[in-house]
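Just follow the structure's listing: the first ligand is 1, and inside any ligand the first atom is 1.
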Amino acid sequence: MDVMEAVRKRHTFRKYTSEPVQAEDLEKLLEAARLAPSGMNLQPWELVVVTRPDRRLLLMEACNNQSFVADAGAVFCGVDDPGAKWADVDLALAMEHIVLEAVELGLGSCYIGSFSERRVKELLCIPRDRHVVMLLAVGVPAGKPRPAPKKPMGKLVHWERYGGRR
Ligand SMILES: Cc1cc2nc3c(=O)[nH]c(=O)nc-3n(C[C@H](O)[C@H](O)[C@H](O)COP(=O)(O)O)c2cc1C
């Protein structure tokens, strides 16, 4: 699959079968994250991978009861060092590498920005000085995605100067 095909095929999935994500697929997803770009190459992020159903259920509660969190075979919790420059950006880039590799592997994904940081930290034993930026659910999709509407190019892109047209 070429990159643009993966980009076009990627959609947020919020329904998963309860099948696990295979160990070799987890390795590929994590390797994709590891190779992501990073400001000054600090790589100031870490992931906590949650696969056990009982722990995903607890995580679901910490994620404002978003039910897909319990169903997805794997949930990646993205943690960073808030003191490092561009830490959140770096983490987001690593997560998006996972998302695109998931497309290649026929898996679906959904970012999770709605969660209680205090609860997630408690559940996953994350140290106080770390920041939980976001989580990412990855799993075997149940059904087809509903493509989200995207803004037209003209609303997003300026040419040569702000307000400039092509
Ligand atoms: C930073 C971030 C946080 C998000 N948090 C959630 C969330 O908590 N729950 C959810 O169902 N979707 C969440 N999403 C998914 C967005 O709703 C989704 O990306 C958007 O509707 C566009 O759909 P698409 O990903 O299919 O293009 C989040 C996405 C991003 C990038």
Undergrad: Just grab all the ring pair (Phe, Tyr, Trp, His ring centres under 6.0 Å) pairs involving residues 43-101, residues at least two apart or on different chains.
TA: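 Residue pairs with at least one partner in residues 43-101: there are none.
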Undergrad: Quick one: do S18 and D71 satisfy side-chain hydrogen bond (donor to acceptor under 3.5 Å, both in side chains)? Show the steps, please.
TA: CA-CA 5 Å; S18 49; D71 299 335; over 6 Å; no
Undergrad: In plain terms, say whether R34 and E31 are close enough for a salt bridge, that is, a side-chain N and a carboxylate O under 4.0 Å apart.
TA: yes
Undergrad: Go through the steps for E5 and R8 under the test salt bridge (charged side-chain N to carboxylate O under 4.0 Å, His left out), then give the verdict.
TA: CA-CA 5 Å; E5 190 184 348; R8 285 192 197 285; over 6 Å; no
Undergrad: Tell me the residues surrounding ligand 1, counting only those with a heavy atom closer than 4.0 angstrom, sorted by chain and number.
TA: R10, H11, T12, R14, Q66, F68, C110, Y111, I112, G113, S114, A148, K150
Undergrad: Return a table of donor-acceptor pairs under 3.5 angstrom between the side chains of residues 118-133 and protein atoms on other chains or two or more places apart.
TA:
unit_1: R118; atom_1: NH1; unit_2: E122; atom_2: OE2; d: 3.3
unit_1: R119; atom_1: NH1; unit_2: E122; atom_2: OE1; d: 2.6
unit_1: K121; atom_1: NZ; unit_2: R128; atom_2: O; d: 2.9
unit_1: K121; atom_1: NZ; unit_2: R130; atom_2: O; d: 2.6
unit_1: R130; atom_1: NH1; unit_2: E46; atom_2: OE1; d: 3.4
unit_1: H131; atom_1: ND1; unit_2: E117; atom_2: OE2; d: 3.2

Undergrad: Linking directly or through intermediates, with side-chain heavy atoms under 4.5 Å: list the remaining ILVMFWY members grouped with V103, chain and number order.
TA: M1
